[in-house]
Participant: 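Next up is a structure, given as structure tokens.
The sequence lines fix the lettering, A, B, ..., with proteins before strands; numbering per chain opens at 1.
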Amino acid sequence: MLSMNFKQRVITDLQAHVALSEEQIASLIERPKNAKLGDYAFPVFALAKIEHKNPVVIARDLAEKLSDPAFSQIQAVGPYVNFLIAHDCLVSETLHEVLTQQTAYGTQHIGSGNVPIDMSSPNIAKPMSMGHLRSTMIGNAIANILTKVGYTPIKINYLGDWGTQFGKLIYAYKTWGDEEAVKRDPINTLVKYYVEFHQKAEQDPSLDAQGRAWFKKLESGDKEALYLWRWFRDASLKEFKRIYGELDVHFDSITGESDFNDKMTPIISQLEDKHLLKTSQGAKIVDLGEDQNPALIQKSDGASLYITRDLAAAIYRKQKYDFVMSLYVVGNEQGEHFTQLKAVLKLMGYDWSDQIHHIPFGLITSGGKKLSTRKGNIIMLDKVLKDAVSLAHEQIAVKNPDLENADQVAHDVGVGAVVFHDLKNERLDNFDFDLKEVVRFEGDTGPYVQYTNARAQSILRKAKKPIELTSLALTDDAAFSVAKDLAEFPEIIKKSAERFEPSVIAKFALNLAKKFNKYYAKVKILSDDDQLNARLALVSATSLVLTESLRLLGVHAPQRM
RNA sequence: GGCCCUGUAGCUCAGCAGGAUAGAGCGACUGUCUCCUAAACAGUAGGUCAUCAGUUCGAUUCUGAUCAGGGUCACCA
């Protein structure tokens, strides 16, 4: 019985002849860039150092000693020993594995325990932007990936529903707002007031004081302030839920900063008991040492701040979930907030502060400029999604006019394009928003992967026969390169889980799709010969892994498109 | 100025727990639908991997400086 893991076989083969530990060998083995050279390579430079011999000679001698039926060739090329996997062997084993495990393929155990993920967290009375999409979809993907490797993620939407901004908004509404307009289109109207407030505040700085005063009232339970705040909050939430529906993202917990309002006093007295608070310019701070800015805990007027509420929330989460990790999918520009949060928690004596991880992501700009709600410079997620879906509709009308449930498919493809675009690059990369780029359907895009899967599904429909799990061997290069990618899937999941990096999976899916499309173009799959079953197995396994990859990213995989 | 991110093809980005000729996509140019969905495939063109040092047998990958871009630095979140 051949092992599924060819790399492990290389290690075992080498161990018998080489004076290095298993770990050392494992870390030296690499994948040659040029697939013709081999599937695994062992560079012998490390041995050359120990044995003081010419690496080329060492490689040659070593290659002669090795033999293993799983490899069609073990050959020395310069200072490398190259292992070429027997094509039929890898293809049949991989297909067998994937088709046996089905969607469980790639599932593994890396860890376990609760992992709250702070994600999305839009601010009420403001429209969701492309930045919220990042937080939402990266968090959602990380949750899916962590589940696949054994953890229990808890998706928390921690609404920005508290803070001076609501004082400003209440003031703006009371001063020049119109009830009917707010009722008609709550978010857009409210955000308009908010933008106007900041415009006017530039002329008349006394407005800021008014805003702060109203927030102070809100925090001390003023009836009118609370009434307006609740109204704004409920209206916003309704709109957010609609968008989460479009994205098919669901939360385990929706809380807001306001829920921690009553925990502010305990936090501050706790800090006081531990003698961590200092008064500086009338405000209360925690001194974090010379090389760090102090954390501002309480404003001079006594009102709370972002970090105060986050401290309370962090402690609450530890108590409630007893987490093994606590993640915050929040923009990179808030990095300092999280270093402060962790530092304060540590000073408070909570050693679990090390379990808190900020998962930062890059900034989205527009025309090279930072987006700012205050300045009215925003890209509304809702509009981007609508544009994407209607473009998908146009594509369908051209490419596949007879498609059934075109509405559903247009939705899956349009939203899929936007989401995939957001996830395919490394989290930390900044990008300038370009609608044309975001809703592209060709090239390295989500729809390309979806299309590839739809093609595979189409073949399986036409084949009209069940796939047998015997005689799955294929030898041609195109099939082999598809199978090699399929075999890599578990490692890809592991890598993306360890790095909290969905883009690893997105890139994998693109590569697999590319290889499959090559195969598709080169090989007539549905010809009736003795390898038909094996080819269909390859198609089925590919579709399975593509669908699973997209699922992990939070993207739907339509059967036809 | 301090701290954090980033600098690879015209554009958007891969690669990088050091290794064999640096890869995609877009854009440009050329081909391929009587053949399983051409949202695809094949090909051409395009690079002193920001610069300079250091560590090493070997650096796009590690370290340090420099330059450039972005973020952030007390009453916003």
Side-chain angles (χ1 to χ4, degrees), chain A residues 27-28 30 32-34 37 41 43 45 48-49 55 77-80 82 121 123 126 160 162-165 168 198 208 211-212 215 257 280-285 291-301 303-307 309-310 330-337 339 360 362-363 365 368 370 373-374 392 395-396 398-400 403 413 417 421 424-426 428-432 434 436-437 440-452 454-463 503 507 510-511 513-514 516-527 535 539 560-561:
Chain A
S27 71
L28 287 170
E30 50 189 84
K33 283 168 190 154
N34 187 341
L37 288 167
F45 300 103
K49 223 170 200 169
V77 180
Y80 293 86
N82 293 328
S121 306
N123 296 322
K126 289 188 197 171
W162 208 243
T164 314
Q165 52 180 327
K168 294 175 178 175
H198 281 278
D208 285 325
R212 280 198 292 273
F215 176 55
E257 295 178 5
S280 168
Q281 297 168 36
K284 297 210 166 128
I285 63 159
D291 40 311
Q292 248 188 95
N293 293 319
L296 188 61
I297 301 292
Q298 191 179 48
K299 296 199 270 189
S300 45
D301 68 0
S304 70
L305 281 153
Y306 181 37
I307 194 167
R309 302 188 285 273
D310 251 10
V330 179
N332 193 25
E333 71 274 15
Q334 288 189 41
E336 191 168 15
H337 168 71
T339 24
L363 205 63
T365 52
K370 194 185 172 189
T373 311
R374 295 185 193 187
Q395 282 292 303
I396 291 168
V398 175
K399 309 277 184 188
N400 198 352
L403 185 64
V413 172
H421 175 268
K424 80 171 172 183
N425 287 135
E426 213 170 301
L428 274 169
D429 285 350
N430 296 339
F431 72 87
D432 199 64
D434 177 359
K436 278 213 301 287
E437 188 63 27
R440 244 183 52 227
F441 300 142
E442 292 160 17
D444 275 352
T445 64
Y448 174 81
V449 178
Q450 291 173 318
Y451 175 71
T452 309
R455 279 177 136 185
Q457 283 301 321
S458 169
I459 288 181
L460 295 173
R461 276 193 302 272
K462 289 193 171 147
S503 71
K507 271 165 201 144
L510 284 169
N511 283 328
K514 213 168 287 174
F516 180 78
N517 278 322
K518 259 177 213 186
Y519 180 71
Y520 182 98
K522 208 168 170 182
V523 176
K524 173 80 181 170
I525 294 160
L526 287 176
S527 46
R535 287 193 301 268
V539 174
R560 302 166 207 253
M561 64 185 269

Participant: Between B/rG71, B/rG25, B/rC41, which one does the side chain of A/Tyr448 approach most closely?
Facilitator: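 Shortest atom-to-atom distance from the side chain points to B/rC41.
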Participant: Does a side-chain N or O of A/Thr164 approach OP1 or OP2 of B/rC76 to a distance below 4.0 Å, or not?
Facilitator: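 Looking at the OP1 and OP2 atoms of B/rC76, one of them is under 4.0 Å from a side-chain N or O of A/Thr164.
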Participant: Between A/Tyr306 and A/Trp162, is a ring-ring contact (aromatic ring centres under 6.0 Å, His included) present by the stated rule, with each step listed?
Facilitator: CA-CA 9 Å; A/Tyr306 181 37; A/Trp162 208 243; over 10 Å; no
Participant: Generate the contact string for nucleotides 30-36 of chain B. Rules: B means base contact, S means sugar-phosphate contact only, - means no protein heavy atom under 4.0 Å.
Facilitator: -----SB
Participant: Nearest 0.5 Å, please: how far is CD in A/Glu333 from CG in A/Asn430?
Facilitator: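 A/Asn430 CG to A/Glu333 CD: 9.0 Å, rounded to 0.5 Å.
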Participant: Look at the side-chain N and O atoms of A/Lys370 and state whether any lies under 4.0 Å from the OP1 or OP2 oxygen of B/rG71.
Facilitator: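 Result: no.
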Participant: Under the side-chain hydrogen bond (donor to acceptor under 3.5 Å, both in side chains) test, which residues partner A/Glu30, sequence neighbours left out?
Facilitator: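 Partners of A/Glu30 by the side-chain hydrogen bond (donor to acceptor under 3.5 Å, both in side chains) criterion come out as none, since no residue qualifies.
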Participant: Is it the case that B/rA20 (base atoms only) and A/Asn82 (side chain only) share a donor and an acceptor within less than 3.5 Å, ignoring hydrogens and angles?
Facilitator: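 In this structure, the two groups form a donor-acceptor pair.
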Participant: Quick one: does A/Asn293 reach the base of B/rU72 with a side-chain donor-acceptor pair under 3.5 Å?
Facilitator: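 For A/Asn293, whose side chain was compared with the base of B/rU72, there is no donor-acceptor pair (under 3.5 Å).
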Participant: Going by atom types alone, do A/Ser503 and A/Asn425 pair a side-chain donor with an acceptor below 3.5 Å?
Facilitator: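 There is no such pair (donor and acceptor under 3.5 Å, judged by atom type) between the side chains of A/Ser503 and A/Asn425.
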Participant: Among B/rA77, B/rU37, B/rA24, which is the nearest nucleotide to the side chain of A/Lys514?
Facilitator: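 Nearest nucleotide to the side chain: B/rA24.
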Participant: Please work out the stems of RNA chain B from pairs that are Watson-Crick or G-U wobble with both distances under 3.5 Å, keeping only runs of three or more consecutive pairs.
Facilitator: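 Consecutive-pair runs (3 or more) involving RNA chain B: B:1-7 with B:67-73, B:10-13 with B:23-26, B:28-32 with B:40-44, B:50-54 with B:62-66.
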Participant: Report yes if a side-chain nitrogen or oxygen of A/Tyr451 is closer than 4.0 Å to either non-bridging phosphate oxygen (OP1 or OP2) of B/rA39; otherwise report no.
Facilitator: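 Answer is yes, contact under 4.0 Å.
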Participant: Which listed nucleotide (B/rA14, B/rC5, B/rA77) is nearest to the side chain of A/Gln334?
Facilitator: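 Output: B/rA77.
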